[in-house]
Amino acid sequence: MRRALGVLAALALLGGVTYALVPDDKKADPTKTVTVTGLIGSEKRAFFESPEVKAELAKQGLEVHADSTGSWTMSEQAKSSSGLDFAFPASTAPAREIQSKWGLQDSPLVPFYSPLVVVAHAPVAQILKDNKLAVQDATTGVWTFKMDEYVAALKAAGKWQDLTGAQSHAELSGPIFVTTTDPESSSSGALYIALLSYVLNNNLVVSDDQGVERARPVLYQATALQGGQKSSSDEPFRDFLAGVGNPLIFGYESQVASMAVQGQPTGDMVVMYPDTTAYSDHTIIARTENGRKLAGLLQNDDTLRALEVKYGFRPQASSGAFADRVKGIKQPVFALDLNAAKVKQATVPSLDNLLKLTKAAKGSPK
């Protein structure tokens, strides 16, 4: 099995999920299974719970035992769990932290990824468009969220009712901000801080303490406006679907794409791609040969790659598979080609600087 290749920052929602898969490999002893034990980010729980995924892994003789947890808290769990074969956070930064704690030198594999997006209902997206905070491509229908204008609104303490067209929507009140997960425990929350810091630093990665201090006031404001933050990306997304909470949420494209691909109702949901965003590189750290076998299958098995798309992810080794699956979906509209949609990827700071930025966002002392 090919060893790991690949390359990002990403809680405390611990739900034990055990997968018992019966092998169907003619070369394997049918009375035995190969057990692979690890940790997964909660955003991949539905994928690993899928009977189809279980069945395909079973053909390779694997029985996977996995606990789902937040990507940043995963590092501490991995440190204290000596029997793990793998860890699978939602981004590279916590993956590197785990790799360091395990004393591994090879590069971890990134089987699939998902860009981070802003999700809104159609009337809210239209108000943002009317006020130049968002645009929609007339040809493709793809929505773009304007990060410079959003940062300007944060700095100006902009309010919803100041926007043209918002007055007829009583539910739009208070300051304009995007809801995220807790950056101290969640990958998507940490990547939001990384993205904001990049835009605040004139589209340059924050690489020193001066950059952290320049970003501190806006990062703190963007976080403090949210009040209590969830530890898992599932929670604010479920609230959004239920019509609860803030009208703008920051999450994974895969959360919406999974629903759309599987034919679940998405209503008037709009996916807006920040013109500068961050990608969530789902990075698997294989500690043992069994872990490397699982990583290789997730990267190279055609059936598993198709199932990754079914659950909203973009496989690294099959760049067109996602586009082929979503191109016929009219609502919401997905970007078939992120480069063609002019979505720029922000450079994520080093782990040390990202932790400093996260602390600044949470109001910790300098």
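For reference, positions follow the sequence shown, starting with 1. The shown structure was predicted, so the numbers you read here are calculated from the model rather than taken from an experiment.
- Listed for the T223 side chain is a donor-acceptor partner under 3.5 Å among the backbone atoms of L219.
- Between H169 and Q167, the side chains place no donor N or O within less than 3.5 Å of an acceptor N or O (distance only, hydrogens not considered).
- A donor-acceptor contact shorter than 3.5 Å links the side chain of N300 to the backbone of G296.
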Working for ring pair (Phe, Tyr, Trp, His ring centres under 6.0 Å), residues F88 and F112: CA-CA 11 Å; F88 202 179; F112 46 80; 5.6 Å; yes
Quick one, T181 with S233, criterion side-chain hydrogen bond (donor to acceptor under 3.5 Å, both in side chains). Give me CA distance, side-chain angles, the key distance, then yes/no. CA-CA 6 Å; T181 51; S233 58; over 6 Å; no
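- When atom types are taken as modelled, the side chain of N201 and the backbone of N203 share no donor-acceptor pair closer than 3.5 angstrom.
- Shown here is K359, whose NZ atom has no more than 12 heavy atoms of other residues, nucleotides or ligands within 6.0 Å.
- For the pair Q262 (side chain) and K310 (backbone), a donor-acceptor distance under 3.5 Å is present.
- A donor-acceptor pair under 3.5 Å links the side-chain atoms of S71 to the main chain of A90, judged by distance alone.
- Rounded to the nearest 0.5 angstrom, I249 CD1 and Q226 CD are separated by 11.5 Å.
- Checking side-chain atoms of T266 against main-chain N and O of Q331 turns up a donor-acceptor pair under 3.5 Å.
- Atom NZ of K146 and atom OG1 of T276 lie 9.0 Å apart (nearest 0.5 Å).
- Ring pair F313/F47 is perpendicular by interplanar angle, where above 60° counts as perpendicular and below 30° as parallel.
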Could you pull out every donor-acceptor pair under 3.5 Å between side chains of residues 346-354 and any protein atom, sequence neighbours left out?
| from | atom 1 | to | atom 2 | distance (Å) |
| --- | --- | --- | --- | --- |
| S350 | OG | N353 | N | 3.3 |
| S350 | OG | N353 | ND2 | 3.2 |
| N353 | ND2 | S207 | O | 3.4 |

Ring pair (Phe, Tyr, Trp, His ring centres under 6.0 Å) assessment of H282 paired with Y113: CA-CA 5 Å; H282 294 270; Y113 68 100; 8.9 Å; no
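- No donor-acceptor pair closer than 3.5 Å links the side chain of Q229 to the backbone N or O of G189.
- With 3.5 Å as the limit, one finds a donor-acceptor pair spanning the side chains of S75 and K101.
- Side-chain atoms of S231 and D182 form no donor-acceptor pair, as typed in the model, at a separation below 3.5 Å.
- Evaluated for a side chain to side chain contact (heavy atoms under 4.5 Å, CB included) with L248, the options V124, T180, T179 yield exactly one hit, V124.
- S280 and S114 form no side-chain donor-acceptor contact under 3.5 Å, judged by distance and modelled atom types alone.
- By the criterion of side-chain heavy atoms lying less than 4.5 angstrom apart, applied directly or through intervening Ile, Leu, Val, Met, Phe, Trp or Tyr residues, V151 is grouped together with V212 in one hydrophobic cluster.
- Remark: the backbone N or O of V142 is not paired with any side-chain donor or acceptor of D137 at under 3.5 angstrom.
- A side-chain N or O of Q77 and one of T69 form a donor-acceptor pair less than 3.5 Å apart.
- Here the side chain of E56 pairs no donor or acceptor atom with the backbone of V53 at under 3.5 angstrom.
- The backbone N or O of L204 lies less than 3.5 Å from no partner atom in the side chain of N202, so there is not a single donor-acceptor pair.
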